[in-house]
Amino acid sequence: MRVVLLDGLGAAAASELPALSAVCAAGQELRIDVGFPTVSLPVQAALWTGRTQQQSGLQYRATQLEAPPAGASPAQVADSVALAESHPEIVRSFGFATTRPDPSRDPEDPEAWRAEFPEHAIAAVASQSRLVHVHVLRVDEAGHAAGAASSAYAEAVRGADELLGRLRAAGPADALWIVLADHGHRPAGGHGGEEPEIRIVRGCVAGPGSRRRRRPRRSTSSTSRGPSRTRWGPSSPATLAGGRGPTRSPTRPRA
């Protein structure tokens, strides 16, 4: 399984991307409601555990977790690998067997790692590891710095899609791919609220077990619940990698 998270990529910006659209065309396209609050670490905790933010109690959390949350699927895969373009405290929170950059490098030369990141990510995707997660953050960083309406954001979006194309080309022919975002950005920058342009993202699933559909499938709050077998079919990180699905899912945000 190859899970690529394009942090900060709103649905509007994602709609015309060639590499992302190719993943959707090869399998299934989703419109995903990531839930509330729209904060990266709690949303990604729901992705990997199948528990909503309300169920887990992880809300507005930005710092690294002391231990993986209960049921985190990466902790159940012995050869799981995660790479982060920046802010590695997020991928280090979920029990991956290997995370990159190596903690010993922090924070010596983050720009050097950023330059090396694409090649490391390509090598990991091409490996035999059963679960590889690539966390791309350039779009989110541009959103915070300049807003989703800026040329810097648009340039970062194009760069992220180009990297996705390279990752797909390097991956095993029989890999299951899940590509999604954890939130969008406001035109002037920022996220955390429940505005549709922040909360609704585009997701694509392709590979063994994915089901091809002509139109995007609406998956209400699926990321906030954790991708489940009910909403994602057999293509959920939480279910396929060993996690369990949710017991109940709110359809409206709760503070």
Side-chain angles (χ1 to χ4, degrees), residues 1 3-9 30-78 80-84 87-99 131-135 137 140 178-184 190-196 198-201 203 205 218-255:
M1 182 187 294
V3 180
V4 181
L5 195 141
L6 305 173
D7 201 309
L9 180 64
L30 301 174
R31 288 289 185 266
I32 304 170
D33 180 343
V34 306
F36 177 80
T38 50
V39 178
S40 291
L41 193 149
V43 170
Q44 293 181 45
L47 173 73
W48 295 116
T49 66
R51 294 182 175 86
T52 68
Q53 297 180 44
Q54 289 73 29
Q55 290 170 335
S56 69
L58 288 173
Q59 295 176 290
Y60 297 105
R61 176 71 181 248
T63 56
Q64 183 174 337
L65 302 179
E66 292 79 11
S73 51
Q76 302 173 44
V77 181
S80 59
V81 178
L83 302 92
H87 298 283
E89 65 275 4
I90 298 178
V91 298
R92 292 174 186 164
S93 293
F94 302 119
F96 285 92
T98 301
T99 59
L131 173 60
V132 177
H133 171 42
V134 179
H135 188 187
L137 286 112
D140 185 58
I178 300 176
V179 187
L180 74 165
D182 52 356
H183 58 76
H191 58 90
E194 57 179 298
E195 303 96 316
I198 299 174
R199 185 169 163 166
I200 306 300
V201 301
V205 181
R218 180 66 180 270
S219 189
T220 306
S221 296
S222 61
T223 305
S224 72
R225 295 200 288 269
S228 67
R229 198 171 293 275
T230 310
R231 295 289 180 173
W232 284 65
S235 57
S236 152
T239 54
L240 281 185
R244 63 181 188 178
T247 56
R248 184 177 178 182
S249 305
T251 57
R252 295 183 61 82
R254 300 183 213 165

Give the minimum heavy-atom separation between [X] and [Y], together with the two atoms involved.
X: Ala181; Y: Leu9; answer: CB-O, 3.3 Å
X: His191; Y: Gly184; answer: CB-O, 3.5 Å
X: Pro68; Y: Phe94; answer: CB-C, 3.8 Å

Go through the structure and list residues passing salt bridge (Lys or Arg N to Asp or Glu O under 4.0 Å) with Glu89, not counting sequence neighbours.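 Glu89 satisfies salt bridge (Lys or Arg N to Asp or Glu O under 4.0 Å) with no residue once adjacent residues are dropped.
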Minimum side-chain heavy-atom gap [X]-[Y] below 4.5 Å:
X: Thr38; Y: Glu195; answer: no
X: Val201; Y: Asp182; answer: no
X: Leu5; Y: Val179; answer: no
X: Val4; Y: Ile178; answer: no
X: Val77; Y: Phe96; answer: no
X: Leu30; Y: Leu180; answer: no
X: Ile200; Y: Ile32; answer: no
X: Gln44; Y: His135; answer: yes

Who pairs with Thr99 by side chain to side chain donor-acceptor pair (under 3.5 Å), at least two apart in sequence or on another chain?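 For Thr99 there are no side chain to side chain donor-acceptor pair (under 3.5 Å) partners, ignoring immediate neighbours.
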Tell me the salt bridge (Lys or Arg N to Asp or Glu O under 4.0 Å) pairs involving residues 38-48, sequence neighbours left out? none
Stepwise side chain to side chain contact (heavy atoms under 4.5 Å, CB included) check, Asp7 with His183: CA-CA 7 Å; Asp7 201 309; His183 58 76; 3.1 Å; yes
With a 3.5 Å distance limit and no angle check, can you tell me whether [X] reaches the backbone of [Y] through a side-chain donor-acceptor pair?
X: Ser80; Y: Pro74; value: yes
X: Glu194; Y: Pro37; value: no
X: Arg51; Y: Ala70; value: yes

Can a side-chain donor-acceptor contact be found between Ser40 and Asp140 if the only test is distance below 3.5 angstrom?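 Result is no, nothing qualifies.
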Taken in chain and number order and not counting sequence neighbours, the residues that satisfy side chain to side chain contact (heavy atoms under 4.5 Å, CB included) with Ser93 are Leu41, Gln64, Leu65
Would you call the rings of Trp48 and His133 parallel, tilted or perpendicular, where under 30° means parallel and over 60° means perpendicular? perpendicular
